[in-house]
Number of protein chains: 2
Amino acid sequence: MSLRHAILTALLERPSSGLELTRRFDKSIGFFWSATHQQIYRELGKLERAGLIHPLPQQQPSRGQRKEYEVLPGGREELARWVGERQDPKPIREALLLRLRAAAVVGVAGATGLEAELRRHLALHQRQLSEYQEIEKRDFGSEQPAAEDRLRHLVLGAGIGLETFWTEWLTDALTELGGSSPG
Amino acid sequence: MSLRHAILTALLERPSSGLELTRRFDKSIGFFWSATHQQIYRELGKLERAGLIHPLPQQQPSRGQRKEYEVLPGGREELARWVGERQDPKPIREALLLRLRAAAVVGVAGATGLEAELRRHLALHQRQLSEYQEIEKRDFGSEQPAAEDRLRHLVLGAGIGLETFWTEWLTDALTELGGSSPG
DNA sequence: ACTAACATGTAACACGTTACATGATTGT
DNA sequence: ACAATCATGTAACGTGTTACATGTTAGT
């Protein structure tokens, strides 16, 4: 049940409407927890009914009208509780690896398409890596960062590390596949 | 819709019953696409109704009776089609990163629990890494591997690379958090 | 009046998780 | 007879995905 906590985190960082949240989930928070606008509206409704957030009083709630939410004390407590919770890491779930394994059993004959796919993924991961590196340059130049900034930098570092891993691995994979493929 | 293809791949590697599949999804295939037995039985039912797999004829299908499945030509075709499909990589979805970001907004005061959690994750990733390395030593010693084995080795290499990344990153994170935390 | 962009929402379905139910086989 | 284990399955619910519906605001 992490979407709920992703939303609470985002709203604590800055009160927002559903659409604003959706856009913030296309970057920053969304870099490691993505969500569509439908998920977000559904979860905002639940959070409101649970008394963890409430809409800012200024705007009357009607369809098509912007509705900005704020976290209530109960929401902050819930988030703090969740941060301290014990949770095992989820196993890897990566369709590309599954597809390589499937290619091994159905035969590598049609693997020209697969090779193109690997190149395409390589380009996407390289682009994501650049984006993270730009954010790092822009937001984390400080010499004496506050504790919160050190945490955020750490999280960004994970993104950079993971994208670096994928670009290296995909490069290796392309060498393997292209380099010595038998006839 | 990858579970379907994970199951087809597993059944092509070796015809199995639902419970056997469940066990194989706790290792090998499951290392990068996990599934519970309920998911597997549900999907086996769908695959059978879709005519992509069928139970081996020997055993009459009654509850509590072992039921072994085999992939039909249509299933193999479907898998081959899927292997060549274009699919974008999914963004990272890692609750631990979300929790660090949440810790940044609710305050790092209760971060002693978080630090223990990071250590716990470190140990888990180290164990997983050793497991992969043992598999590599056992299964991929050959000098002239077949194309299928090169692919499978590549996939295992991704697992090793990812676990290596996490152990290094978690070690860094613990240094960051423990090393210079302000009073 | 029309259009585009903004903003919130419904509906339907696929996938994932947890708890539980039922029957078959094996060992004591 | 009983318990443990193997094996398949149902039910309920939460989460994620896709397509579509509805209303508002601003520009022309």
Side-chain angles (χ1 to χ4, degrees), chain A residues 1-8 11 15-26 29-30 32-50 53-56 58-69 82 85 87-95 98, chain B residues 1-8 11 15-26 29-30 32-50 53-56 58-69 82 85 87-95 98:
Chain A
M1 235 219 257
S2 295
L3 176 57
R4 153 164 307 202
H5 303 100
I7 289 177
L8 287 172
L11 287 180
S16 301
S17 66
L19 194 61
E20 276 171 359
L21 276 179
T22 302
R23 290 192 176 130
R24 291 172 62 196
F25 271 81
D26 284 337
I29 311 170
F32 44 89
W33 204 273
S34 65
T36 62
H37 85 272
Q38 294 82 351
Q39 278 179 277
I40 288 169
Y41 283 118
R42 180 167 52 186
E43 197 62 38
L44 283 171
K46 282 193 208 168
L47 282 165
E48 185 178 356
R49 285 192 293 278
I53 64 175
H54 74 162
L56 291 180
Q58 61 223 36
Q59 58 267 309
Q60 75 281 27
S62 88
R63 192 170 184 143
Q65 286 279 13
R66 182 188 164 76
K67 198 173 164 190
E68 203 160 24
Y69 289 95
W82 179 77
E85 211 175 69
Q87 286 176 227
D88 283 353
K90 297 262 176 215
I92 304 162
R93 223 135 206 282
E94 179 52 55
L98 197 55
Chain B
M1 235 219 253
S2 295
L3 176 57
R4 152 164 308 205
H5 303 100
I7 290 177
L8 287 172
L11 287 181
S16 301
S17 68
L19 194 60
E20 275 171 359
L21 275 178
T22 302
R23 288 190 179 132
R24 292 171 61 196
F25 272 80
D26 284 338
I29 311 172
F32 44 87
W33 204 272
S34 64
T36 62
H37 85 272
Q38 294 81 352
Q39 278 179 277
I40 288 168
Y41 283 118
R42 181 166 51 184
E43 197 63 37
L44 283 172
K46 282 193 209 168
L47 282 166
E48 187 179 355
R49 285 192 292 280
I53 65 175
H54 73 164
L56 290 180
Q58 62 222 37
Q59 59 267 310
Q60 77 280 28
S62 90
R63 192 170 184 142
Q65 286 280 13
R66 181 188 165 76
K67 197 173 165 190
E68 204 161 24
Y69 288 95
W82 180 77
E85 211 175 67
Q87 286 175 228
D88 284 353
K90 298 262 177 211
I92 303 162
R93 221 135 207 283
E94 179 51 56
L98 197 56

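Quick note on labels: first sequence line is chain A, next is B, and so on, each numbered from 1. Quantities reported herein were computed from a predicted structural model and do not represent experimental measurements.
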Enquirer: Under the criterion side-chain contact (heavy atoms from CB on, under 4.5 Å), I'd like the reasoning laid out for Trp33(A) against His5(A): C-alpha separation, chi angles, the key distance, then a yes or no.
Expert: CA-CA 10 Å; Trp33(A) 204 273; His5(A) 303 100; over 6 Å; no
Enquirer: Within the structure, does a side-chain N or O atom of Lys90(A) lie under 4.0 Å from either OP1 or OP2 of dT15(D)?
Expert: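 So the side-chain polar atoms of Lys90(A) never come under 4.0 Å of the phosphate oxygens OP1 or OP2 of dT15(D).
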Enquirer: Which residues pass the ring pair (Phe, Tyr, Trp, His ring centres under 6.0 Å) test with Phe32(B), sequence neighbours left out?
Expert: none
Enquirer: Would you say dT8(D) has OP1 or OP2 under 4.0 Å from some side-chain N or O of Ser17(B)?
Expert: yes
Enquirer: Go through it in stages, so that I can follow the logic: the residues are Ile7(A) and Ile29(A), the test is side-chain contact (heavy atoms from CB on, under 4.5 Å), and I'd like the CA-CA distance, side-chain angles, deciding distance and then a yes or no.
Expert: CA-CA 9 Å; Ile7(A) 289 177; Ile29(A) 311 170; over 6 Å; no
Enquirer: For residues Ala95(A) and Gln87(B), report the shortest heavy-atom separation together with the two atoms involved.
Expert: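 Taking Ala95(A) first and Gln87(B) second, the nearest heavy atoms are CB-NE2, 3.6 Å.
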Enquirer: Lys67(A) has an atom NZ; how far is it from atom C1' of dA7(C), in whole Å?
Expert: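 It is 12 Å, rounded to the nearest whole Å.
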Enquirer: Hey, could you give me each pair passing salt bridge (Lys or Arg N to Asp or Glu O under 4.0 Å) that has a residue in residues 35-48 of chain B? Not counting sequence neighbours.
Expert: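 Passing the test, one end in residues 35-48 of chain B: Arg4(B)-Glu43(B), Glu48(B)-Lys67(B).
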Enquirer: Is the shortest heavy-atom distance from the side chain of Tyr41(B) to the side chain of Thr36(B) under 4.5 Å?
Expert: no
Enquirer: How close do Glu68(B) and Pro15(B) get, heavy atom to heavy atom, and via which atoms?
Expert: OE2-O, 3.5 Å
Enquirer: Can you tell me how far C1' of dC15(C) sits from CZ of Phe25(B), to the nearest Å?
Expert: 14 Å
Enquirer: Indicate, with a heavy-atom threshold strictly under 4.0 Å, whether Arg4(B) touches base, sugar-phosphate, or nothing.
Expert: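 Contact class for Arg4(B): none.
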Enquirer: Please find the pair of heavy atoms, one from Leu3(A) and one from Ala35(A), that lie closest to each other, and give the distance.
Expert: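 The pair with the smallest heavy-atom distance is CD1-CB, 3.7 Å.
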Enquirer: What nitrogen or oxygen pairs link the protein and nucleotides 3-6 of chain D at under 3.5 Å?
Expert:
none

Enquirer: What is the distance, rounded to the nearest whole Å, between atom CD of Gln87(A) and atom P of dT17(C)?
Expert: 13 Å
Enquirer: Could you walk me through whether Leu21(B) and Leu44(B) pass side-chain contact (heavy atoms from CB on, under 4.5 Å), step by step?
Expert: CA-CA 10 Å; Leu21(B) 275 178; Leu44(B) 283 172; 3.9 Å; yes
Enquirer: Please list each protein N or O that sits under 3.5 Å from an N or O in nucleotides 19-21 of chain C, with the distance.
Expert:
{"from": "dA19(C)", "atom 1": "N6", "to": "Gln38(B)", "atom 2": "NE2", "distance (Å)": "3.0"}
{"from": "dA21(C)", "atom 1": "N3", "to": "Arg63(B)", "atom 2": "NH2", "distance (Å)": "2.9"}

Enquirer: Check this one for me: any side-chain N or O of Arg66(A) less than 4.0 Å away from OP1 or OP2 of dT25(D)?
Expert: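 Checking Arg66(A) against dT25(D): no side-chain N or O falls below 4.0 Å of OP1 or OP2.
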Enquirer: Pro91(B): what forms a side chain to side chain contact (heavy atoms under 4.5 Å, CB included) with it, not counting sequence neighbours?
Expert: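 Residues passing side chain to side chain contact (heavy atoms under 4.5 Å, CB included) with Pro91(B): Ser34(A).
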Enquirer: Identify the two heavy atoms, one from Ser2(B) and one from Leu98(A), that lie closest to each other, and give their separation to 0.1 Å.
Expert: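 Ser2(B) and Leu98(A) have their closest heavy atoms at O-CD2, 3.7 Å.
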Enquirer: In whole Å, what is the span from the CD atom of Glu20(A) to the C1' atom of dA5(C)?
Expert: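 These atoms are roughly 15 Å apart.
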Enquirer: How close or far is atom C1' of dT15(D) from atom CZ of Arg93(A), stated in whole angstroms?
Expert: 12 Å
Enquirer: For residues 39-50 of chain B, which residues have at least one heavy atom under 4.0 Å from DNA chain D?
Expert: Tyr41(B)
